[in-house]
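Take a look at the structure below.
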Protein chains: 2
Amino acid sequence: MTVTDINSWQSVKAEVMRRIIERIWLPGDMIPNEIDLAKEFGCARATVNRAMRALADEGLLERRRKAGTRVALNPIRKATLEIPITRLEVEQRGGTWRHSVLERSEVVPPVSVASRLGLSDKIEMLHVRSLHYADNHPFLYEDRWVNLSEVAAICDVDLQEIDANEWLVQNTPLTKGDISFSAANATKQEAELLQTSEGEAIFVIDRTTWNGDVPVTIVRLAYAPGYRMHTEI
Amino acid sequence: MTVTDINSWQSVKAEVMRRIIERIWLPGDMIPNEIDLAKEFGCARATVNRAMRALADEGLLERRRKAGTRVALNPIRKATLEIPITRLEVEQRGGTWRHSVLERSEVVPPVSVASRLGLSDKIEMLHVRSLHYADNHPFLYEDRWVNLSEVAAICDVDLQEIDANEWLVQNTPLTKGDISFSAANATKQEAELLQTSEGEAIFVIDRTTWNGDVPVTIVRLAYAPGYRMHTEI
DNA sequence: CAAAATATTATGTGCATACATAATACAATA
DNA sequence: TATTGTATTATGTATGCACATAATATTTTG
């Protein structure tokens with residue numbers, strides 16, 4: 001029953017992928033059960049299981065107990081994208097990064113911010129606005145609110161030295177995040193900061209992060225025109 | 001040595017997460033090895049391994065052979081985002097989806113398209129431009145090129161009936177993809193199609209997909225103003 | 001005949017064991 | 001002393017077995 005003894009889960013995965021790519025198994029098709037595949041490949045069921053789980057995680061297979069495993073109808077659904085630290089992102093492109101803090105204050109947040117975090121709008125938060133540069137060109141305008149009751153230690157940090165995001169990411173466990181991406185026309189203020197003209201299309205990321213159920217920070221990132229976010233599947 | 005016998009990999013994972021969230025283990029800290037954790041939790045090493053691997057996949061832990069396991073310095077790096085089929089995306093928001101094909105032709109592609117796919121710019125490809133509506137409002141303008149030598153069958157498909165993307169996704173195994181997101185000012189043509197005004201900020205997705213090493217399709221998706229792409233970590 | 005009870009089946013998980021592999025620490029050698 | 005070789009160690013993986021669980025198929029029952 002053996003092909004040529006495929007006995008690592010990686011090779012099982014590769015072989016199953018091959019059959020999908022070469023359309024031996026078509027989208028929507030049922031594929032043999034784990035026991036039969038194990039026999040065919042000459043390996044243990046656990047090994048097949050590991051491979052199939054990996055492929056299911058990637059969205060290439062769909063599995064249900066008793067019902068069995070089938071080739072996913074729409075294989076490419078999930079893309080993983082990396083949320084970079086701005087400094088590293090700039091440096092990876094071979095640029096020189098620096099940033100300057102435009103504002104740093106402890107004030108009561110607007111209702112829109114407080115409510116999105118599920119916090120009272122009467123408690124002061126840290127408000128940081130800063131501009132990131134790549135090779136001395138404006139790259140990113142960042143408008144951030146930080147929950148001081150969760151990360152009080154940030155008060156003692158020199159944010160001119162280290163970017164708030166980078167500090168947070170290294171000093172606070174962040175377990176949950178909520179991100180949205182959109183396009184916006186640059187406001188007059190944004191245009192001035194990013195050295196472009198009002199109305200230019202700007203790529204915007206809005207991100208809120210929690211540690212467990214406690215909100216940590218909310219930030220709006222407005223990238224200079226021309227920015228592209230890239231990922232592979 | 002047992003806490004209260006944590007003997008499923010899910011509960012091991014939850015317990016380790018708890019210790020990270022509550023800062024019993026700090027970012028950068030080494031954590032005990034699998035054998036010791038297994039003893040402590042009263043379960044098998046394989047169970048701990050499963051849990052730790054899952055946490056490493058999520059980016060919360062960093063593991064290296066011999067070196068051991070440590071809490072990741074920058075835990076949130078990877079977000080997974082779903083690439084939806086437009087019809088489903090519209091319908092999930094409670095809207096009614098329809099689309100209309102603006103152009104369908106078999107022509108030689110421009111060099112920019114052919115080169116990005118690694119194809120000759122002398123071979124004809126299928127060019128489809130279409131407009132997707134949500135509740136009869138323009139939602140998305142799609143400009144697509146399809147590699148006919150890979151998916152010849154698409155010639156016989158009535159693309160008024162089924163969206164090209166949906167058809168491709170269900171009839172072609174897509175194993176690799178390349179996606180970029182950006183913001184652009186609406187051109188005059190786009191503005192007319194999307195019923196907005198020239199210069200409005202438009203969210204744009206450029207996507208190229210392959211089956212194995214064979215390019216299948218390249219598409220530019222221009223969303224009507226106000227569109228947001230959302231994901232959680 | 002329809003609804004409820006029961007059997008069957010494929011995946012999901014846990015365990016003990018064994019060995020593989022990468023990375024480090026440490027000793028031996030030129 | 002610098003380099004090479006060797007032992008150690010933590011994770012990575014494969015196996016066989018057992019049982020759990022969800023979903024379907026089948027049979028029983030009203």
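Atom CG of A:Leu37 is separated from atom P of D:dT15 by 14 Å (rounded to the nearest Å). To the nearest angstrom, C1' of C:dA23 lies 12 Å from CE of B:Met30.
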So which protein nitrogen or oxygen atoms get under 3.5 Å of nucleotides 10-14 of chain C's nitrogens or oxygens?
residue : atom : partner : partner atom : Å
C:dA10  : O4'  : A:Lys66 : O            : 3.4
C:dA10  : N3   : A:Lys66 : N            : 3.4
C:dT11  : OP1  : A:Thr69 : OG1          : 3.1
C:dT11  : OP2  : A:Glu34 : N            : 2.8
C:dG12  : OP2  : A:Arg63 : NH1          : 2.3
C:dG12  : O4'  : A:Arg65 : NE           : 3.1
C:dG12  : O4'  : A:Arg65 : NH2          : 2.8
C:dG12  : O6   : A:Arg45 : NH2          : 2.7
C:dT13  : OP1  : B:Gln10 : NE2          : 3.4
C:dT13  : OP2  : B:Arg50 : NH2          : 3.0
C:dT13  : O4   : A:Arg45 : NH2          : 3.3
C:dG14  : OP1  : B:Trp9  : N            : 2.7
C:dG14  : OP2  : B:Trp9  : N            : 3.3

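Aromatic rings from A:Phe181 and B:Phe203 are positioned such that their centres are separated by 6.0 Å or more.
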**OP:** Applying side chain to side chain donor-acceptor pair (under 3.5 Å), run through B:Asn136 and B:Arg98 and close with a yes or a no.
**Re:** CA-CA 7 Å; B:Asn136 286 322; B:Arg98 74 178 177 86; 2.7 Å; yes

Just distance, no hydrogens or angles: give the donor-acceptor pairs under 3.5 Å from side chains in residues 126-133 of chain A, sequence neighbours left out.
residue  : atom : partner  : partner atom : Å
A:His127 : ND1  : A:Glu103 : OE2          : 3.4
A:His127 : NE2  : A:Asp143 : OD1          : 2.9
A:Arg129 : NE   : A:Glu103 : OE1          : 2.6
A:Arg129 : NH1  : A:Tyr141 : OH           : 2.9
A:His132 : ND1  : A:Trp97  : NE1          : 3.1
A:His132 : NE2  : A:Glu142 : OE1          : 2.7

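Checking each of B:Asp178, B:Thr217, B:Val216 against B:Trp210 for a side chain to side chain contact (heavy atoms under 4.5 Å, CB included) leaves exactly one that passes, namely B:Asp178.
A salt bridge (charged side-chain N to carboxylate O under 4.0 Å, His left out) check over residues 152-162 of chain A, counting only residues at least two apart or in different chains, returns nothing.
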